[in-house]
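A note on names: the letters A, B, ... follow the listed sequences, proteins ahead of strands, and every chain is numbered from 1.
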Protein chains: 2
Amino acid sequence: MTKADTAGSAGPSKPKGWNKEWNGCPVRYAAGVFGDKWSFVLLRDVLLHGKRYYGEFQRSEERISTNILANRLAHLVETGMLTRHIDSTSRNKVFYRPTAKSRALIPAFLGVMVWSTEYDSCTEAPDSFAKAFRSDPKGTIAWYEAEIDKVDAALPDPEP
Amino acid sequence: MTKADTAGSAGPSKPKGWNKEWNGCPVRYAAGVFGDKWSFVLLRDVLLHGKRYYGEFQRSEERISTNILANRLAHLVETGMLTRHIDSTSRNKVFYRPTAKSRALIPAFLGVMVWSTEYDSCTEAPDSFAKAFRSDPKGTIAWYEAEIDKVDAALPDPEP
DNA sequence: CATCTCACTTGCAATTTGCAAGCAATATTC
DNA sequence: GAATATTGCTTGCAAATTGCAAGTGAGATG
């Protein structure tokens, strides 16, 4: 058994008390999947910043600590938001790819970003972003989808 | 000084390490405002379920504990998502109203709900909801806005 | 005045987080 | 091919947060 196969076996348990039935209500279900800041930020990195490797997530501005990172990646894999793969060109590396389920969250994510852009006085997002999304949401979504496809196309053959 | 004026003075501090600069990046900013399950669920209660009173939040299915409830309400007031008012018809009661800032989140919230409806196999949301939102997002948003207006119109005169 | 309701506050045990090390499995360098 | 990096985690703890149960004080109620 290689170390790459043992992921998610230990460490802190799931984020908070989300073990049981945080489903049914749509808002509650979403809270159970990405309703903590780290999961949320990781999804941003995967969906919007093209990050795929453990080390890339670790180097994010927010400086997530490594045990929490491992825990949240496992959580996102468990909830079907990411799939985990061994890099065939360098078998000590691992990458995570967004699934259809997480990609389907892009519209909502962009909606949140438009909101932040409007209400965060220190926002770093350019006005053009909110403008673009408001004038052509479908096109903006399609653009982000295409970016994801590009990133994933450049990855090595996924194992397994 | 009445007890109603002392809210938010003590208890647990803010959710996690969000004291400093969780702004700039739009996703990070959003995470700082409602990126924890309880804030998220409270916003749902205010925006979608017409809840306004402390006691109403407390009675939600998710059974938030009272100290966390007080803490999160204070957080949402601090971040400009809610305003706190004393009920003029019964001065020991307090209600919280959504601001323009939190109402502006409705589109994103509905987007999240559509996503959950699609991916939570145990969803309690009817198909008709996602269908309605997809075919007429603006109309659906307007409907929820109007519901909020109705609820708020029925509240006593806010103090202060 | 006695009692009840409401909105919190407080104390404390149980979790969870964050930080710093450690570690096994490749990769790379010499 | 042995020594040294890298990479992706795991582990140990102290510190912070959560959850639970039990107050508390202001105001309403009878």
Thr66(B) or Thr66(A), whichever maps to the more 5' nucleotide of DNA chain C = Thr66(B)
Please enumerate all protein N or O atoms sitting under 3.5 Å from an N or O of nucleotides 28-30 of chain D, with distances to 0.1 Å.
unit_1	atom_1	unit_2	atom_2	d
dA28(D)	OP1	Arg91(B)	N	3.2

Taking [atom1] from [X] and [atom2] from [N], how many angstroms apart are they, rounded to a whole number?
X	N	atom1	atom2	answer
Arg84(B)	dC8(C)	CZ	C1'	9 Å
Ile64(B)	dT9(C)	CD1	P	14 Å
Leu73(B)	dC8(C)	CG	P	7 Å
Leu76(A)	dG8(D)	CG	C1'	16 Å
Ile86(B)	dC6(C)	CD1	P	16 Å
Lys93(A)	dT6(D)	NZ	C1'	9 Å
Asn71(B)	dG19(D)	CG	P	11 Å
Phe95(B)	dA7(C)	CZ	P	11 Å

ask   = Looking at DNA chain C, which of residues 41-62 of chain A put a heavy atom within less than 4.0 Å of it?
value = none
request  = Please work out which of the three classes, parallel, tilted or perpendicular, describes the rings of Phe133(B) and Phe129(B), given edges at 30° and 60°.
outcome  = parallel
task = With salt bridge (Lys or Arg N to Asp or Glu O under 4.0 Å) as the test, would you mind laying out the steps for Arg72(A) and Asp36(A) before giving the verdict?
result = CA-CA 10 Å; Arg72(A) 292 302 192 275; Asp36(A) 77 284; 2.7 Å; yes
query = With sequence neighbours excluded, what pairs up with Phe109(A) under the ring pair (Phe, Tyr, Trp, His ring centres under 6.0 Å) test?
reply = Phe40(A)
remark   = The single option from Ile148(A), Leu47(A), Thr83(A) that satisfies side chain to side chain contact (heavy atoms under 4.5 Å, CB included) with Ser102(A) is Leu47(A)
remark   = Shortest non-hydrogen pair, Trp115(B) vs Ala30(A), comes out as CZ3-CA, 4.2 Å
inquiry  = Please determine whether a side-chain nitrogen or oxygen atom of Arg72(B) lies at a distance below 4.0 Å from atom OP1 or OP2 of dT18(D).
reply    = yes
request  = State whether Trp38(A) places a side-chain N or O below 4.0 Å from either non-bridging phosphate oxygen (OP1 or OP2) of dG18(C).
outcome  = yes
remark   = Only one of Asp87(B), Asp152(B), Asp157(B) passes salt bridge (charged side-chain N to carboxylate O under 4.0 Å, His left out) with Arg97(B), and that residue is Asp152(B)
note = Hits for side-chain contact (heavy atoms from CB on, under 4.5 Å) against Lys131(B), two or more places apart or cross-chain, chain-then-number order -> none
Of the options [options], whose atoms approach the side-chain atoms of [X] most closely?
X	options	value
Ile68(B)	dT18(D), dT17(C), dA7(C)	dT18(D)
Lys37(A)	dG19(D), dC9(D), dG18(C)	dG18(C)
Ala70(B)	dG18(C), dC8(C), dT17(C)	dC8(C)

ask   = Which pairs count as ring pair (Phe, Tyr, Trp, His ring centres under 6.0 Å) when at least one residue sits in residues 53-72 of chain B, sequence neighbours excluded?
value = Tyr53(B)-Phe95(B)
Qualifying salt bridge (charged side-chain N to carboxylate O under 4.0 Å, His left out) pairs, either residue in residues 107-121 of chain A, two or more places apart = Glu118(A)-Arg134(A)
